[in-house]
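In what follows, a structure is listed as structure tokens, so that the remarks can point back to it.
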2 protein chains.
Amino acid sequence: METITIKDIARALNLSTSTVSRALRNSYEINAETKKLVMEYAEKMHYRPNPIALSLRDSKSKSIGVIIPEIANNFFSQLINGIESIAYSLGYHTVIFQSHESYEREVANTNYLVSRKVDGLLVSLSSLTTDLVHFEELIEKGMPIVFFDRVPNDIETHKVVVDNFLGSYEATEHLIQSGRRRIAHLTSPIYLSIATERLAGYKKALEDNGIAFDESYVKYCHHGGKLTTENEAAMQELLSMPEPPDAILAASDRLTSGCLSVLHKNHIRIPEEIALVGFTNIGVADLLNPPLTAVVQPAMEMGQQAVELLIRLIENPKKISKFETRSFKTSLMVRESSAGSRS
Amino acid sequence: METITIKDIARALNLSTSTVSRALRNSYEINAETKKLVMEYAEKMHYRPNPIALSLRDSKSKSIGVIIPEIANNFFSQLINGIESIAYSLGYHTVIFQSHESYEREVANTNYLVSRKVDGLLVSLSSLTTDLVHFEELIEKGMPIVFFDRVPNDIETHKVVVDNFLGSYEATEHLIQSGRRRIAHLTSPIYLSIATERLAGYKKALEDNGIAFDESYVKYCHHGGKLTTENEAAMQELLSMPEPPDAILAASDRLTSGCLSVLHKNHIRIPEEIALVGFTNIGVADLLNPPLTAVVQPAMEMGQQAVELLIRLIENPKKISKFETRSFKTSLMVRESSAGSRS
DNA sequence: GTGAAAGCGCTAACAC
DNA sequence: GTGTTAGCGCTTTCAC
């Protein structure tokens with residue numbers, strides 16, 4: 001019944017454990033006959049090496065840790081699929097943890113994964129992370145880490161990102177071209193570089209098109225839209241302005257659907273009264289009412305590239321001198337929610 | 001720098017490893033002073049026990065494995081959140097694996113988790129799993145397993161499910177009451193009990209309302225809607241029937257949005273021409289066009305109950321004589337997609 | 001009250 | 001070509 005070990009095989013075959021071990025690893029120094037004997041017996045008994053023992057010995061585990069803000073988000077779940085597919089084919093296992101946008105959980109997860117001897121880490125920062133020492137120390141110690149999407153500016157390592165500036169710029173310009181002038185921007189705390197970049201793209205597009213930037217059109221949701229109340233409050237402020245916006249650019253999945261929801265509740269016609277464009281990887285964007293213009297990120301590819309870089313780092317421990325940052329383009333999927341109606 | 005071990009502490013304090021070990025576990029047989037000394041030094045050096053070593057020794061890991069069909073699905077990701085929250089508070093870690101509706105991956109994941117010495121397993125079957133020996137053997141060996149949502153009929157253990165029959169019955173009856181007569185049912189392969197139960201509820205509702213069951217109104221998508229082509233094909237068949245349906249009951253998340261998508265593409269007015277009700281936990285159901293009537297499952301609670309049962313099983317290894325099956329009620333969220341228009 | 005030693009499963013020097 | 005041994009980090013008998 002229970003799991004069989006090398007020792008059991010050795011005993012059964014009247015060999016030493018080291019011989020069995022060598023035979024199983026097909027070592028050149030073992031007699032062909034002995035090998036065959038061992039292999040067949042192992043096969044027959046369904047022998048499987050104990051990965052825990054291997055991890056303890058080698059301080060590695062052929063597994064990589066992934067820390068993301070949350071799973072219940074299409075962008076991240078698509079990303080995970082990208083990660084898993086590559087990792088799996090390269091013989092690595094993927095262990096996923098959620099920070100739930102909490103700095104403490106991010107740290108706790110990191111520590112746990114490290115103690116579990118993952119060979120490397122793939123991380124997308126929580127929106128409330130400002131202190132990065134837990135990662136800096138790890139990198140210092142030689143732990144391979146690759147950041148994606150929400151990456152830190154101050155850490156030198158491989159990164160996989162999206163051109164947020166451009167994505168935001170294009171979306172904003174698209175709104176302008178469809179005749180909007182009072183474009184609001186709904187975003188998350190600016191700790192994250194993705195938020196600053198998206199804000200910058202938005203500003204630049206306004207500027208390039210001769211529209212003055214108005215700070216009161218920018219609303220920050222500190223929990224990134226996780227709390228609906230926060231979302232609604234921000235939207236209410238916008239709607240009750242003397243000159244309410246005629247378009248909104250929402251900076252994340254959560255923010256986008258939250259925004260759409262509030263507009264619905266207030267019976268505001270989209271796009272006639274207010275146009276909406278959002279960063280989102282939601283699968284049903286074209287089935288929404290109205291079909292939603294979306295800034296989409298190539299999540300799957302990002303995940304694939306991220307693991308690829310990570311595994312390269314893991315398997316080439318010689319200090320890499322220059323790290324790369326792979327940048328993807330977002331794609332603007334234009335749909336009704338931003339249709340021109342005023343130009 | 002690197003991680004510090006009990007041995008390091010022992011050496012530094014001129015004690016034996018066993019004394020240090022005992023002191024850290026606050027054993028009664030250790031001198032208070034020694035304890036204090038050890039504790040403080042350990043604290044100062046950020047000592048953390050190596051979980052791998054513990055797992056190797058004790059053949060357990062304070063972690064539970066979760067095997068689900070896929071993460072990129074609101075129902076499952078909400079469920080995971082339920083699992084994680086409870087597991088975390090009880091000191092267990094959660095390791096998530098996706099079967100991607102593949103029997104082989106399900107088996108591979110199971111084996112891996114077992115070899116990694118998870119203390120228990122939480123599983124929702126892949127839609128293509130018909131052979132259950134891999135789970136049966138494990139249970140035989142004493143591995144705690146709790147199934148949820150997609151549960152096997154033939155295995156005796158704790159289960160957490162939803163009353164699929166009733167959910168389906170209510171949804172169907174609702175369609176009938178809103179004036180529909182030719183109600184189609186879009187479902188996945190009937191290997192899964194959830195599929196047979198939903199089908200049964202649908203049939204019974206028809207019967208109870210004097211509508212003859214017509215097999216040609218039932219379409220099976222073998223990949224559960226994972227393949228859009230499959231989905232479209234099934235829908236096309238329905239639409240090209242001499243008497244196409246005037247309503248559709250979709251049996252899963254994927255199937256529901258796929259169905260909605262095809263109806264859109266074919267410019268079929270919902271609910272005027274065809275009404276739609278679907279099993280789905282999608283968050284934006286009320287933002288869809290039209291707002292979607294949904295059979296919603298209490299995913300979070302199901303996850304919480306499932307871990308709770310599992311951990312009870314883990315921590316009470318004495319053979320439990322009777323296993324329980326906890327059953328939740330679905331809730332029918334009536335929205336426009338099934339509004340009455342013909343009665 | 002504390003230490004020595006064995007063992008969890010595996011591999012790799014180092015014998016012979 | 002095969003066996004012996006030590007060690008990865010930890011706990012736990014068994015001694016003293």
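Just so it is clear, the structure is predicted and the values come from calculations on it, not from any experiment. Reckoned from all heavy atoms, side chains included, excluding hydrogens, waters and symmetry mates.
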Original post:
Between atom NZ in A:K62 and atom P in C:dC10, what is the gap in whole Å?
Top reply: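 So the NZ-P distance, A:K62 to C:dC10, works out to 18 Å.
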
**OP:** Would you mind reading off the distance between B:I52 atom CD1 and C:dC10 atom C1', rounded to a whole angstrom?
**Re:** 13 Å

Original post:
Can you name the residues that form a ring-ring contact (aromatic ring centres under 6.0 Å, His included) with A:F147, not counting sequence neighbours?
Top reply: A:F135

Subject >> Footprint string (nucleotides 11-16 of chain C, 5' to 3'): B base within contact, S backbone only, - free, heavy atoms under 4.0 Å >> reply: BBBB--

Test side chain to side chain donor-acceptor pair (under 3.5 Å) applied to [X] - qualifying residues, sequence neighbours left out:
{"X": "B:Y103", "value": "none"}
{"X": "A:S124", "value": "none"}
{"X": "B:S63", "value": "B:S61"}
{"X": "A:E308", "value": "none"}

Just distance, no hydrogens or angles: give the donor-acceptor pairs under 3.5 Å from side chains in residues 95-102 of chain B, sequence neighbours left out.
residue, atom, partner, partner atom, Å
B:Q98, OE1, B:I71, N, 2.9
B:Q98, NE2, A:N81, OD1, 2.9
B:Q98, NE2, A:E84, OE1, 3.2
B:S99, OG, B:E101, N, 3.3
B:H100, NE2, A:E84, OE1, 3.4
B:E101, OE1, B:S127, N, 2.7
B:E101, OE1, B:S127, OG, 3.0
B:E101, OE1, B:R150, NH1, 3.0
B:E101, OE2, B:R150, NH2, 3.0
B:S102, OG, B:E104, N, 3.2
B:S102, OG, B:R105, N, 3.0

Original post:
Closest nucleotide of DNA chain C for B:V20 versus for B:A53: which of these residues is on the 5' side?
Top reply: B:V20

Original post:
Does any residue of residues 30-42 of chain A have a heavy atom under 4.0 Å from DNA chain C, and if so, which ones, in number order?
Top reply: none

Original post:
Does the side chain of B:K117 get closer than 4.0 angstrom to OP1 or OP2 of C:dC8 through an N or O atom?
Top reply: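 The answer is no; no side-chain N or O of B:K117 sits under 4.0 Å from OP1 or OP2.
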
Original post:
Less than 4.5 Å apart, any side-chain heavy atom of B:Y47 and any of B:D8?
Top reply: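 SC-SC contact between B:Y47 and B:D8 ruled out.
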
**OP:** Check whether any side-chain heavy atom of A:Y88 lies under 4.5 Å from a side-chain heavy atom of A:T94, and answer yes or no.
**Re:**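 With C-beta onward as the side chain, the pair stays apart.
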
Subject >> salt bridge (charged side-chain N to carboxylate O under 4.0 Å, His left out) partners for B:D119, two or more places apart >> reply: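 Not a single residue meets the salt bridge (charged side-chain N to carboxylate O under 4.0 Å, His left out) criterion with B:D119.
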
For a quick test of your reading: what N or O donor-acceptor pairs under 3.5 Å do the side chains of residues 24-41 of chain A make, sequence neighbours left out?
residue, atom, partner, partner atom, Å
A:N26, OD1, A:K35, NZ, 2.9
A:S27, OG, A:E29, N, 3.3
A:E29, OE2, A:R22, NE, 3.1
A:N31, OD1, A:E33, N, 2.6
A:K35, NZ, A:S27, O, 3.0

Original post:
Hey, does the side chain of A:H158 reach the backbone of A:E324 with a donor-acceptor pair shorter than 3.5 angstrom?
Top reply: yes

Original post:
First and last nucleotide of DNA chain D in contact with chain A, 5' to 3', at under 4.0 Å to a heavy atom: what are they?
Top reply: D:dG1 to D:dG9

Original post:
Do other residues, nucleotides or ligands put more than 12 heavy atoms under 6.0 Å from the OH atom of B:Y191?
Top reply: no

Original post:
How far does the helix from C:dG1-D:dC16 to C:dC16-D:dG1 bend, going by the axes of its first and last five pairs, to the nearest 10°?
Top reply: 60°

Original post:
Going by atom types alone, do A:N74 and A:S77 pair a side-chain donor with an acceptor below 3.5 Å?
Top reply: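 Checked: A:N74/A:S77 side chains show no N/O donor-acceptor pair below 3.5 Å.
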
